[in-house]
Novice: 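Before anything else, here's the structure in question.
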Amino acid sequence: MGIKCPNCGGGMVYDIGKKQLVCPYCDTTSTVEAYRLNNAAEYVNDNYSVNTYRCKNCGAELTAPEEQTVAYCSYCGGEAMLHEKQAETIRPKRIIPFVKTKQEAIRAYEAAVKKALYVPKELKNASFLEGFRGVYLPYWGIDVDIPRQELTLKGTRTYTQGKYDYTETYDVSAQVGGQAEGAIYDASAAFDDTLAAQIAPFDQKGARAFDEAYLAGFYADKVTSSPEVYTTLATEQAADKVFDTIKQKAGKVSVSVPASREKRVEQIGAKATGYEVSLFPVWFLTWRRKDRVAYSVMNGQSGKITLDLPVDLKQFFLYSAAAAAVLFMVLSLLPAFIQPMTMAALCAVLLVLSGRLLNGELKQIRLQESHTYDYGDNSGEKKGKPKAKAVSCLGSGLAYVFYGMTAALAFGTTTGSDGTVGPTFLLALIGQIVLSVKLIRNAAGARNKSGIVPALVAPVILVLGTFVGINPEVFPNDAWYYGLATGCLAGMLVNALFVIGRYNDLATRPVPNFFRREGANNARS
């Protein structure tokens with residue numbers, strides 16, 4: 001049904017500030033409830049009429065009530081949307097109306113980019129900010145049933161009293177059971193789960209029974225993800241909540257729970273029992289340059305915002321050059337003198353550290369492009385889980401201990417001894433070889449495989465430095481050490497350029513292709 005003005009017959013829109021339907025032609029207003037009562041005969045319980053639009057550029061599909069046109073694609077930034085057909089679609093159970101206005105979205109965006117020095121200038125243009133569009137995104141609400149039962153778990157309490165340590169054991173009993181209602185998951189394959197998580201949560205207390213009148217003046221994305229892809233995750237999260245509550249209420253007693261999520265679900269018998277669709281409000285702003293797009297997305301209820309902010313190389317080098325000039329002037333006033341061998345050794349350490357930074361960027365790109373943590377991706381690929389925090393921290397700790405030892409050895413050259421230059425470069429080379437293996441693996445797993453280049457450049461520089469450092473009698477001239485320092489700085493520059501380039505790969509996305517909506521979530525490739 002079209003949301004028509006009862007006075008003049010024009011199309012009405014939902015005014016966020018007034019929380020009413022407003023006719024832009026004759027200023028007639030009406031509450032959603034009153035409009036429903038006055039047009040009860042036109043309402044259908046199980047479905048409603050929509051216009052379905054498909055973008056001719058990327059294939060994304062949006063819906064809108066009758067008599068409402070769509071002229072902007074939120075996913076690729078295209079401005080040519082084609083009216084494809086009118087259809088009946090399943091009526092969602094609930095909807096959270098927009099609370100935040102377009103002007104509030106613009107102000108939140110301006111505050112977020114105010115201190116961002118390196119973003120392209122057009123991202124701050126007032127005309128660009130007018131491109132914010134209100135879109136209702138579909139979410140699955142999945143109910144999980146937990147049978148009523150009594151759980152008995154083992155617990156321990158360790159404490160010290162006087163000169164003695166005590167360990168007490170307990171049987172911890174807890175009554176559990178009931179239904180966890182409406183765990184929320186993104187139902188659009190076009191909208192990446194990781195992006196949805198960044199603007200979560202939505203307060204479901206603000207949800208209302210669905211009425212298409214709330215869509216007047218807005219767009220809505222289609223349901224393109226199956227609820228089955230989330231049932232395992234929903235049961236695991238419900239089980240986590242049960243056991244976390246038990247541990248919290250146990251106080252000082254440490255409760256032993258199953259280590260794996262699968263075992264926790266099995267122990268309490270959690271099962272997904274039903275699901276329904278709700279529509280939640282999101283403000284979309286899309287920036288496109290050539291074959292890359294960047295999204296700025298705001299929760300239309302809470303105002304929580306997340307931005308893709310690419311780095312403009314011209315802006316970066318402009319500010320970097322200014323900072324370097326100031327630093328050079330300050331250092332030129334200092335009487336300190338760094339020996340060439342010390343400079344070369346320290347630059348070797350910094351070269352390896354810059355490679356570690358690049359590897360981190362490439363790893364994120366590989367995980368992002370493989371949709372490893374995007375459960376809503378329909379590609380059918382096996383979804384991974386993040387490493388355990390303790391394992392990740394241990395690996396990082398050992399790496400930085402190694403870098404610290406290498407740096408300490410480099411500082412040993414300040415005594416004037418050239419005997420530590422070779423070992424410094426050798427240790428740096430060992431660290432770089434390990435990094436290069438990781439760099440090649442991550443670069444090979446990404447679409448842009450140019451990250452392999454710095455993985456090969458840095459070892460060459462460090463091999464040369466090792467050879468010079470262990471043969472000081474053959475290379476006694478300071479020019480060799482200045483040359484090594486320059487080579488390391490050149491390697492760091494290569495890494496920096498690749499870091500910026502790969503960061504822009506993370507901060508932007510390829511222009512999506514949804515002509516095959518049953519495929520992968522290309523919006524986050």
Side-chain angles (χ1 to χ4, degrees), residues 1-44 47-53 62-74 79 81 83 86 89 91-110 126-138 202-221 278-286 296-303 305:
M1 57 169 284
I3 310 301
K4 299 178 181 179
C5 174
N7 185 38
C8 69
M12 303 186 78
V13 297
Y14 181 77
D15 188 290
I16 299 173
K18 295 180 179 179
K19 295 183 174 59
Q20 290 183 324
L21 291 168
V22 177
C23 177
Y25 305 102
C26 67
D27 295 328
T28 297
T29 62
S30 171
T31 64
V32 172
E33 293 76 12
Y35 188 90
R36 185 191 308 115
L37 291 174
N38 293 332
N39 298 273
E42 299 184 34
Y43 278 77
V44 181
N47 52 47
Y48 69 105
S49 297
V50 294
N51 287 335
T52 300
Y53 298 83
L62 296 175
T63 65
E66 293 178 26
E67 299 185 352
Q68 183 173 318
T69 60
V70 176
Y72 179 89
C73 177
S74 299
E79 297 183 355
M81 296 291 291
H83 176 199
Q86 187 179 56
T89 188
R91 181 185 296 272
K93 295 295 183 182
R94 298 181 302 166
I95 186 172
I96 296 179
F98 273 89
V99 176
K100 300 298 181 179
T101 65
K102 180 176 179 177
Q103 290 305 313
E104 288 177 301
I106 291 175
R107 288 195 293 269
Y109 175 92
E110 289 176 329
S127 58
F128 168 70
L129 301 187
E130 288 299 319
F132 266 108
R133 296 293 185 270
V135 181
Y136 280 101
L137 293 177
F202 289 90
D203 184 0
Q204 296 187 65
K205 293 180 181 178
R208 304 178 186 179
F210 175 76
D211 192 308
E212 52 262 46
Y214 289 114
L215 298 182
F218 301 97
Y219 310 144
D221 200 358
S278 299
L279 294 182
F280 294 164
V282 174
W283 284 106
F284 251 95
L285 179 64
T286 307
S296 298
V297 184
M298 190 180 88
N299 184 316
Q301 181 191 39
S302 68
I305 191 170

Novice: Suppose we screen for ring pair (Phe, Tyr, Trp, His ring centres under 6.0 Å). Which residues come up paired with Y14, at least two apart in sequence or across chains?
Specialist: Y214
Novice: So which atom in I96 and which in Q301 form the shortest heavy-atom distance, rounded to 0.1 Å?
Specialist: CG2-NE2, 3.6 Å
Novice: Out of curiosity, M12 CE to C26 SG, how far, rounded to the nearest 0.5 Å?
Specialist: 7.0 Å
Novice: Just wondering, do L37 and E33 contact through their side chains at under 4.5 Å, heavy atoms?
Specialist: no
Novice: If we check side chain to side chain contact (heavy atoms under 4.5 Å, CB included) with L285, which of these qualifies: V297, L129, I106?
Specialist: L129
Novice: NZ of K4 to SG of C23: how many Å apart, nearest 0.5 Å?
Specialist: 13.0 Å
Novice: Do you know which two heavy atoms are closest between V13 and G217, and how far apart they sit?
Specialist: CG1-CA, 3.9 Å
Novice: Can you tell me how far OG of S296 sits from CH2 of W283, rounded to the nearest 0.5 angstrom?
Specialist: 14.0 Å
Novice: My understanding is that only residues two or more places apart in sequence, or in another chain, count here; which of them pass side chain to side chain donor-acceptor pair (under 3.5 Å) with S30?
Specialist: none
Novice: Before giving the answer on side chain to side chain contact (heavy atoms under 4.5 Å, CB included), spell out for L215 and I3 the whole-Å C-alpha distance, their side-chain angles and the decisive distance to 0.1 Å.
Specialist: CA-CA 9 Å; L215 298 182; I3 310 301; over 6 Å; no
Novice: Under 3.5 Å, is there a donor-acceptor pair between the side chain of Y35 and the main chain of Q20?
Specialist: no
Novice: Please report the interatomic distance CZ(R36) to CG(D211), rounded to the nearest 0.5 Å.
Specialist: 4.5 Å
Novice: Whether the side chain of E104 engages the backbone of T101 through a donor-acceptor N/O pair (distance < 3.5 Å, no angle test) should be reported.
Specialist: yes
Novice: At their closest point, which heavy atom of M298 faces which heavy atom of G303, and how far apart are they?
Specialist: CG-O, 3.5 Å
Novice: Could you measure the distance from the CZ atom of R133 to the OH atom of Y219? Nearest 0.5 Å is fine.
Specialist: 5.5 Å
Novice: Which atom pair, heavy atoms only, marks the closest approach of V282 to F202?
Specialist: CG2-CZ, 4.2 Å
Novice: Using side-chain heavy atoms (C-beta onward) and a distance below 4.5 Å, is P97 in contact with R208?
Specialist: yes
Novice: What's the separation between atom CG in L279 and atom CZ in F210, rounded to the nearest 0.5 Å?
Specialist: 5.5 Å
